[in-house]
Amino acid sequence: MLDMKFIREHPEEVKAAVKNKGEKADVALMLDLDEERRRLIQEADELKAERNTVSREIGQARKEGRDAAEAIARMKTVSDTISGLDARLKDVEQRIHDIMIRIPNMPHESVPVGGEAENRVVKTWGDIPEFDFTVEPHWDIGPRLNILDFDRGARLSGSNFVTFRGAGAALERALINLMLDLHCREHGFTEVSVPFIVRRDMMFGTGQLPKLEEDMYHIEADDLFLIPTAEVPVTNLHRDEMLDGDRLPLRYTAYTPCFRREAGSYGSDTRGLMRIHQFDKVEMVKIVRPEDSWDELETLLNSAEKVLQLLELPYRVLMLATGDLSFAAAKCYDIEVWAPGIERWLEVSSCSNFLDFQARRMNLRFKRERGAKPEYVHTLNGSGLALPRTVIAIIEHYQTDEGTIVVPEVLRKYMGVEAIKG
RNA sequence: GGAGAGGUGACCGAGUGGCUUAAGGUGCACGCCUGCUAAGCGUGUGUAGGGUAACACCUACCGAGGGUUCGAAUCCCUCCCUCUCCGCCA
């Protein structure tokens with residue numbers, strides 16, 4: 001959520017942000033309603049002040065045995081007037097709220113304006129490998145080595161659910177351990193293990209709701225949602241808190257499965273492991289002082305990149321244009337790993353700075369010192385990394401002409417083998 | 001799932017319709033006192049909104065939302081959460 005004061009003072013910039021992000025929200029109408037709101041508050045508050053004063057006098061009069069019937073009758077009509085004003089105020093505030101929650105975060109000034117085509121490659125790492133044999137895509141290698149089972153995944157839960165088996169399952173587990181160890185031991189994160197099912201408010205807090213309701217698995221009986229990313233429970237850990245400034249920054253990492261209905265996605269990316277309804281991910285979340293968030297975004301990106309560097313997989317980093325930015329993000333880097341079997345760059349991480357947008361939605365503030373004014377914190381998160389697409393890259397990058405997969409050096413101590421031979 | 005007890009400020013905790021403008025305490029800040037320390041004394045110490053050039057001032061907030069009343073932390077209704085016991089269960 002944006003600050004109403006900011007919107008009042010910068011209406012044209014906010015309207016531009018709504019447009020550039022491809023959202024729909026009537027900012028002008030909201031500002032009109034905001035003026036009406038303030039008029040109603042002023043009117044009602046004056047009457048309430050009168051009512052408070054006179055009611056106190058009525059109590060005093062009663063105590064002294066004087067008659068207060070006239071004042072009581074007068075205050076009854078005042079109360080009725082107040083009720084009417086309050087009802088109008090409530091309606092106006094609801095309408096303001098409905099627009100406000102659909103206004104996206106402002107893109108940072110460094111973010112290119114435009115759609116996907118304007119995404120900017122800001123870095124590449126490693127060389128795209130040349131093979132002297134015909135490379136296979138992972139959806140052929142995996143089933144042949146009996147480490148990926150697409151058919152039985154679908155049998156259990158439908159299309160785009162997958163089963164990992166044997167060394168495939170071990171590879172997933174090894175990657176999770178590698179990433180958690182790296183982020184905890186080298187990057188200063190604290191590991192947390194959180195619920196995978198959360199309340200509606202949590203989805204609102206990080207900005208998935210109201211926009212993405214159709215993309216999530218919803219448990220109707222309890223009005224709970226399966227998390228689409230660990231961002232949701234981890235960022236919300238401290239919601240409604242007033243943190244001491246000296247506790248910041250907070251840096252958390254968590255492994256969780258992620259559940260996505262992918263309601264709006266069509267055929268092209270759905271083969272193999274590219275877009276599945278349930279996948280594993282290690283996520284990093286930071287809760288920081290406002291002045292630190294841009295530096296923290298860069299180190300967050302570095303922490304995610306480090307995983308691919310250790311795995312020795314070539315990748316590139318994109319700065320997303322406004323049209324590709326998520327609703328809550330001010331700026332976002334995507335990391336894409338090269339998958340030689342399918343000859344594609346695959347997104348394995350998004351590292352975003354949300355500024356105070358999520359903090360405002362989840363009421364998460366801090367005080368620099370005792371007695372200081374409360375301020376909203378800044379929040380960030382980044383995948384570190386999403387597992388299935390990392391597995392695709394490993395399978396395809398480390399395939400051999402004998403049809404086996406070499407286990408990346410850094411994973412060998414976790415897997416106990418040097419190659420996957422089926 | 002059943003029964004019971006609870007939810008009040010940074011924290012503890014009192015408060016069954018109007019001297020509550022949330023007592024008292026702890027913590028914290030400032031001041032006084034003191035050779036120093038400790039103790040003691042005094043003053044102050046929440047959030048949000050409105051308002052102001054800035055103050056002042058006003059309104060709301062005692063888990064959430066409704067209701068009764070001239071007036072609600074207090075009475076009524078609905079819901080949420082926490083704890084204890086029982087049942088079931090990995």
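Letters A, B, ... mirror the listed sequences (proteins, then strands); counts begin at 1.
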From the list [options], which nucleotide is the closest neighbour of the side chain of [X]?
{"X": "A:Arg8", "options": "B:C70, B:G50, B:A60", "result": "B:G50"}
{"X": "A:Ile41", "options": "B:U47, B:G49, B:C81", "result": "B:G49"}
{"X": "A:Arg37", "options": "B:G71, B:G49, B:G51", "result": "B:G49"}

Sticking with atom [atom1], work out how far [N] lies from [M], rounded to a whole angstrom.
{"N": "B:A38", "M": "B:C55", "atom1": "C1'", "result": "41 Å"}
{"N": "B:U16", "M": "B:U84", "atom1": "P", "result": "28 Å"}
{"N": "B:G71", "M": "B:C61", "atom1": "P", "result": "13 Å"}
{"N": "B:U37", "M": "B:C32", "atom1": "P", "result": "13 Å"}
{"N": "B:C19", "M": "B:C28", "atom1": "P", "result": "33 Å"}
{"N": "B:U8", "M": "B:A73", "atom1": "P", "result": "16 Å"}
{"N": "B:U68", "M": "B:U78", "atom1": "C1'", "result": "15 Å"}
{"N": "B:G35", "M": "B:G25", "atom1": "P", "result": "28 Å"}

* Asked: Does NZ or CZ of A:Arg361 fall inside the cone over A:Phe204's six-membered ring, less than 6.0 Å from its centre and within 45° of the axis?
  -> yes
Report the distance from atom [atom1] of [X] to atom [atom2] of [N], rounded to the nearest whole Å.
{"X": "A:Arg38", "N": "B:U59", "atom1": "CZ", "atom2": "C1'", "answer": "16 Å"}
{"X": "A:Leu243", "N": "B:G46", "atom1": "CG", "atom2": "C1'", "answer": "16 Å"}
{"X": "A:Arg360", "N": "B:A48", "atom1": "CZ", "atom2": "C1'", "answer": "13 Å"}
{"X": "A:Lys48", "N": "B:C61", "atom1": "NZ", "atom2": "P", "answer": "8 Å"}
{"X": "A:Arg56", "N": "B:U59", "atom1": "CZ", "atom2": "C1'", "answer": "12 Å"}
{"X": "A:Asp34", "N": "B:G49", "atom1": "CG", "atom2": "P", "answer": "11 Å"}
{"X": "A:Gln60", "N": "B:G17", "atom1": "CD", "atom2": "P", "answer": "18 Å"}
{"X": "A:Ile82", "N": "B:C70", "atom1": "CD1", "atom2": "P", "answer": "13 Å"}

NA contact type, [X], heavy-atom cut-off 4.0 Å: base, sugar-phosphate, or nothing?
{"X": "A:Ile58", "answer": "base"}
{"X": "A:Arg39", "answer": "nothing"}
{"X": "A:Ala71", "answer": "nothing"}

* Asked: How are the rings of A:His277 and A:Tyr217 set to each other: parallel, tilted or perpendicular (split at 30° and 60°)?
  ->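 Perpendicular.
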* Asked: Does a distance-only test, which skips hydrogens and angles, find a donor-acceptor pair under 3.5 Å between the side chain of A:Asn52 and the base of B:G71?
  -> no
So which protein nitrogen or oxygen atoms get under 3.5 Å of nucleotides 65-69 of chain B's nitrogens or oxygens?
| residue | atom | partner | partner atom | Å |
| --- | --- | --- | --- | --- |
| B:G66 | OP1 | A:Lys90 | NZ | 2.9 |

